[in-house]
Participant: 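I have a structure I would like to understand better, so I am pasting it below and will then ask my questions one at a time.
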Amino acid sequence: MRDAGRIAAAIEVLDTILNRHQPVKEAMRDWGKANRYAGSGDRAWISGLVLDSLRRRGSVSYLMGADTPRALVLGTLSHEWETGPDAVAAIFEGDEHAPEPLTDAERAGMLATLSDDAPLHARAEIPEWLAASFERGFGADAVLEGASMAGRAPVDLRVNALKTDPEKAISAVRAQINADPSELLTTAIRIPGHDPRAKSPPADAIPAYGKGWVEVQDIGSQIAALAAAPVEGLQVLDFCAGAGGKTLSLAALMNNTGQLYAWDYDWRRLRAIWPRLERAGVRNVQVRTGKEAEALGDLAGKMDMVFIDAPCTGSGTWRRRPDTKWRLKEKALATRITQQDEVLAKAAKYVKPGGRMVYVTCSVLPEENGDRIEAFLAANPDFRAVPVMEALSASGQLTEEGALTLSACAGAHGALQLTPARTGTDGFYVCGLERVG
């Protein structure tokens with residue numbers, strides 16, 4: 001495909017996403033099935049333009065004076081891909097598959113610049129209704145933090161200490177793909193972001209992944225799991241285990257000792273955990289399915305550690321899933337807040353006196369994070385907050401730079417708020433709690 005046809009395709013796919021409310025992956029899959037002449041390189045190019053158009057929707061729609069799929073794609077070509085109106089016009093000229101020629105208004109929007117007096121939501125690349133939340137959570141850094149979540153995310157790997165060591169793992173990964181050791185963790189590897197116009201090899205296709213030496217996991221998520229340390233030989237409950245990403249992290253942190261119970265309120269999410277446990281060489285996990293009372297009743301008051309990867313809006317993952325940013329509504333946030341309060345209350349009953357609990361969200365919204373901890377502590381005087389940095393230091397996996405960087409992220413109750421701007425990771429909130437015994 002020539003670029004004119006690719007641009008037309010991106011507009012078509014974006015229309016499906018915005019006006020038919022279809023997720024990006026599904027929209028790209030359906031477009032690919034209907035246009036089988038398009039090669040993998042074409043699909044990667046189109047997908048990259050669609051994703052960047054969603055990431056930059058706030059500023060681009062403001063500059064273009066329109067929020068249509070065409071306006072977003074044209075504006076992104078100019079403002080993000082540095083392909084200005086003259087270059088786009090040249091791409092369109094004489095190509096029968098090209099979109100309609102540029103209008104004067106579109107040219108003006110493609111050349112416009114975002115001023116400091118533009119609305120916060122446009123400068124921060126966020127839905128307008130979330131501007132107040134960002135200002136409350138980040139203060140003067142609201143624009144910087146929002147804009148950082150509109151960038152492209154790298155791919156991170158966690159070295160599985162149950163099967164190999166960091167030096168051996170990085171050597172194996174580098175034999176297949178460009179990668180570097182993490183600046184924050186001794187047991188993490190980063191694969192830098194790639195040109196959105198080009199294909200990139202999937203990380204789960206490299207031999208080191210197949211051997212179980214590495215797992216695909218954002219470094220922020222890895223840090224969240226380390227907040228459970230130290231846990232060797234202890235009784236641990238992963239209360240919202242899902243597909244098992246943090247279950248694997250916890251098992252490695254436990255060095256296959258003690259007992260790790262994995263449960264999720266939606267048992268169907270646990271189906272993916274079994275092959276992952278086997279590939280990673282995990283032997284200390286007991287997966288429990290069924291309703292909570294039946295599956296976990298015998299664990300009440302007996303757990304040394306309860307890990308809560310709470311249901312949330314996923315605002316911290318907007319770099320990877322930018323379409324979800326624009327689908328998020330106030331009603332959905334209210335639902336998540338209710339669920340988070342319920343999960344905290346339910347999980348607390350499994351913590352024994354002197355035991356600990358870790359509350360995690362992949363969110364940057366204070367309503368889901370610090371607000372929930374304040375409400376929990378007010379309702380549960382037998383719990384107190386404990387600084388997350390104490391646990392991270394006990395893990396022994398922080399680099400010197402990691403210790404300095406993460407210490408600067410500590411806020412109320414010693415909790416950490418990770419963000420792309422602060423830590424170069426997805427957005428995660430991590431808070432440690434202890435039952436006074």
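Predicted model, so just to flag it, every value in this text is computed and none were measured. Atoms considered below: every heavy atom in the structure, side chains included; atoms not considered: hydrogens, waters and symmetry mates.
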Participant: Please report the shortest heavy-atom distance between Gly424 and Arg319, naming the atom on each side.
Facilitator: O-NH2, 4.1 Å
Participant: Test side chain to side chain contact (heavy atoms under 4.5 Å, CB included) on Leu344 and Met357 and set out the steps.
Facilitator: CA-CA 9 Å; Leu344 272 164; Met357 187 161 68; 4.1 Å; yes
Participant: Does the side chain of Arg57 reach to within under 4.5 Å of the side chain of Glu125, using non-hydrogen atoms?
Facilitator: no
Participant: State, to 0.1 Å, how close Gly58 and Ser61 come at their nearest heavy-atom pair, and which atoms those are.
Facilitator: O-OG, 3.3 Å
Participant: With a 4.0 Å cut-off on N to O distance, would you call Glu434 and Arg356 a salt bridge?
Facilitator: no
Participant: Do you know the tightest heavy-atom contact between Val364 and Ser315?
Facilitator: N-OG, 3.0 Å
Participant: Check Gly245 against Arg276 and note the closest heavy-atom contact, atom names and distance.
Facilitator: N-NH1, 3.4 Å
Participant: I need the Thr425 OG1 to Ile219 CD1 distance, nearest 0.5 Å.
Facilitator: 8.0 Å
Participant: Output side-chain donor-acceptor pairs under 3.5 Å for residues 388-395, partner residues at least two apart or in another chain, one line each.
Facilitator:
| from | atom 1 | to | atom 2 | distance (Å) |
| --- | --- | --- | --- | --- |
| Ser393 | OG | Met389 | O | 3.0 |
| Ser395 | OG | Leu392 | O | 2.6 |
| Ser395 | OG | Gln397 | N | 3.2 |

Participant: So Leu14 and Leu54, side chain to side chain contact (heavy atoms under 4.5 Å, CB included) or not? Walk me through it.
Facilitator: CA-CA 8 Å; Leu14 195 57; Leu54 289 166; 3.8 Å; yes
Participant: How far apart are the C-alpha atoms of Arg327 and Asp323, what are their side-chain angles, what is the distance that settles it, and do they pass the salt bridge (charged side-chain N to carboxylate O under 4.0 Å, His left out) test?
Facilitator: CA-CA 7 Å; Arg327 289 204 302 268; Asp323 52 325; 2.9 Å; yes
Participant: Does CG belonging to Asp104 count more than 12 external heavy atoms closer than 6.0 Å?
Facilitator: no
Participant: Go through the steps to decide whether Arg70 and Asp15 satisfy the test salt bridge (charged side-chain N to carboxylate O under 4.0 Å, His left out), and finish with yes or no.
Facilitator: CA-CA 8 Å; Arg70 176 183 166 98; Asp15 179 70; over 6 Å; no
Participant: Checking the side chain of Asn160 only, and the main-chain atoms of Ala280 only, is there a donor and an acceptor separated by less than 3.5 Å?
Facilitator: yes
Participant: Between the main-chain N or O of Trp81 and the side-chain N or O of Thr83, is there a donor-acceptor pair closer than 3.5 Å?
Facilitator: yes
Participant: Report yes if the side chains of Glu12 and Pro99 come closer than 4.5 Å at any heavy-atom pair, otherwise no.
Facilitator: no
Participant: Is the count of non-hydrogen atoms from other residues, nucleotides or ligands lying under 6.0 Å from Arg107 atom CZ greater than 12?
Facilitator: yes
Participant: Please report the interatomic distance CZ(Arg372) to SG(Cys431), rounded to the nearest 0.5 Å.
Facilitator: 12.5 Å
Participant: Can you list, pair by pair, the side-chain donor-acceptor contacts under 3.5 Å of residues 398-410, counting residues two or more places apart and other chains?
Facilitator:
| from | atom 1 | to | atom 2 | distance (Å) |
| --- | --- | --- | --- | --- |
| Thr399 | OG1 | Glu183 | O | 2.5 |
| Thr399 | OG1 | Leu184 | O | 3.2 |
| Thr399 | OG1 | Gly402 | N | 2.8 |
| Thr405 | OG1 | Glu401 | O | 3.0 |
| Ser407 | OG | Ala403 | O | 2.7 |

Participant: Indicate the atoms forming the closest heavy-atom contact of Ala347 with Val306, along with that distance.
Facilitator: CB-CG1, 3.9 Å
Participant: Just distance, no hydrogens or angles: give the donor-acceptor pairs under 3.5 Å from side chains in residues 127-136, sequence neighbours left out.
Facilitator:
| from | atom 1 | to | atom 2 | distance (Å) |
| --- | --- | --- | --- | --- |
| Trp129 | NE1 | Leu328 | O | 3.4 |
| Ser133 | OG | Glu367 | OE1 | 2.8 |
| Ser133 | OG | Glu367 | OE2 | 3.2 |
| Arg136 | NH1 | Asp371 | OD1 | 3.3 |
| Arg136 | NH2 | Asp371 | OD2 | 2.8 |

Participant: Drop me the distance from Arg321's CZ to Lys25's NZ, to the nearest 0.5 angstrom.
Facilitator: 8.5 Å
Participant: Which pairs with one or both residues in residues 409-419 pass side chain to side chain donor-acceptor pair (under 3.5 Å), sequence neighbours excluded?
Facilitator: Glu145-Thr419, Asn369-Gln417, Glu374-His413
Participant: Between Phe92 and Ile7, is there a side-chain heavy-atom distance shorter than 4.5 Å?
Facilitator: yes
Participant: With side chains defined as the heavy atoms from C-beta onward, is the minimum distance between Ser363 and Tyr429 less than 4.5 Å?
Facilitator: no
Participant: Using a 3.5 Å distance criterion without hydrogens, assess whether the side chain of Arg269 forms a donor-acceptor pair with backbone atoms of Ala243.
Facilitator: no
Participant: Answer whether the closest heavy-atom distance between the side chains of Phe383 and Leu377 falls below 4.5 Å.
Facilitator: yes
Participant: Do the side chains of Pro154 and Ile191 get nearer than 4.5 Å, heavy atoms only?
Facilitator: no
Participant: Can you confirm whether Asp156 sits close enough to Arg190 that some side-chain heavy atom of one is under 4.5 Å from a side-chain heavy atom of the other?
Facilitator: yes
Participant: Pairing donors with acceptors under 3.5 angstrom, does anything connect the side chains of Thr361 and Gln340?
Facilitator: no
Participant: State the CZ-CD distance between Arg56 and Glu80, to the nearest 0.5 angstrom.
Facilitator: 4.5 Å
Participant: Is any side-chain N of the basic residue among Arg320 and Asp218 closer than 4.0 Å to the acidic one's carboxylate O?
Facilitator: yes
Participant: Anything under 3.5 Å between a donor and an acceptor, one on a side chain of residues 110-118, the other on a protein residue two or more places apart or in another chain? List them.
Facilitator:
| from | atom 1 | to | atom 2 | distance (Å) |
| --- | --- | --- | --- | --- |
| Ser115 | OG | Asp117 | OD1 | 2.2 |

Participant: Just by distance, do the side chain of Lys346 and the backbone of Val343 share a donor-acceptor pair under 3.5 Å?
Facilitator: no
Participant: Residues in salt bridge (Lys or Arg N to Asp or Glu O under 4.0 Å) with Asp238, at least two apart?
Facilitator: none
Participant: Using only atom types and a distance under 3.5 Å, with no angle test, would you say the side chain of Asp42 pairs donor to acceptor with the backbone of Gly39?
Facilitator: yes
Participant: Under the side chain to side chain contact (heavy atoms under 4.5 Å, CB included) criterion, do Thr16 and Trp31 qualify, and how do the steps go?
Facilitator: CA-CA 9 Å; Thr16 299; Trp31 184 89; over 6 Å; no
Participant: Please lay out, stage by stage, how Tyr350 and Leu296 fare under the test side chain to side chain contact (heavy atoms under 4.5 Å, CB included).
Facilitator: CA-CA 9 Å; Tyr350 298 104; Leu296 303 178; 3.6 Å; yes
Participant: Under the criterion salt bridge (charged side-chain N to carboxylate O under 4.0 Å, His left out), I'd like the reasoning laid out for Arg20 against Glu26: C-alpha separation, chi angles, the key distance, then a yes or no.
Facilitator: CA-CA 11 Å; Arg20 301 181 191 176; Glu26 292 181 15; over 6 Å; no
Participant: Start with the C-alpha gap between Gln217 and Ser249, add the side-chain angles, then the distance that decides, and say whether side chain to side chain donor-acceptor pair (under 3.5 Å) holds.
Facilitator: CA-CA 9 Å; Gln217 186 178 21; Ser249 294; 2.8 Å; yes
Participant: Give, for atom NE2 of His121 and atom CD1 of Ile126, the distance between the pair rounded to the nearest 0.5 Å.
Facilitator: 8.5 Å
Participant: Hey, is the main chain of Lys331 close enough, under 3.5 Å, to the side chain of Thr335 for a donor-acceptor pair?
Facilitator: yes
Participant: For the residue pair Phe239 and Trp263, categorise the inter-ring angle as parallel (less than 30°), tilted (30 to 60°) or perpendicular (more than 60°).
Facilitator: tilted
Participant: Whether Arg279 engages the ring of Tyr209 as a cation-pi pair (distance to the six-membered ring centre under 6.0 angstrom, angle to the ring normal within 45°) should be assessed.
Facilitator: yes
Participant: Is any side-chain heavy atom of Ile223 closer than 4.5 Å to one of Phe428?
Facilitator: no
Participant: What are the two closest heavy atoms between Thr186 and Gly396, and how far apart are they?
Facilitator: OG1-O, 4.4 Å
Participant: Hey, could you give me the CZ/CG distance between Arg2 and Asp95, rounded to the nearest 0.5 Å?
Facilitator: 4.5 Å
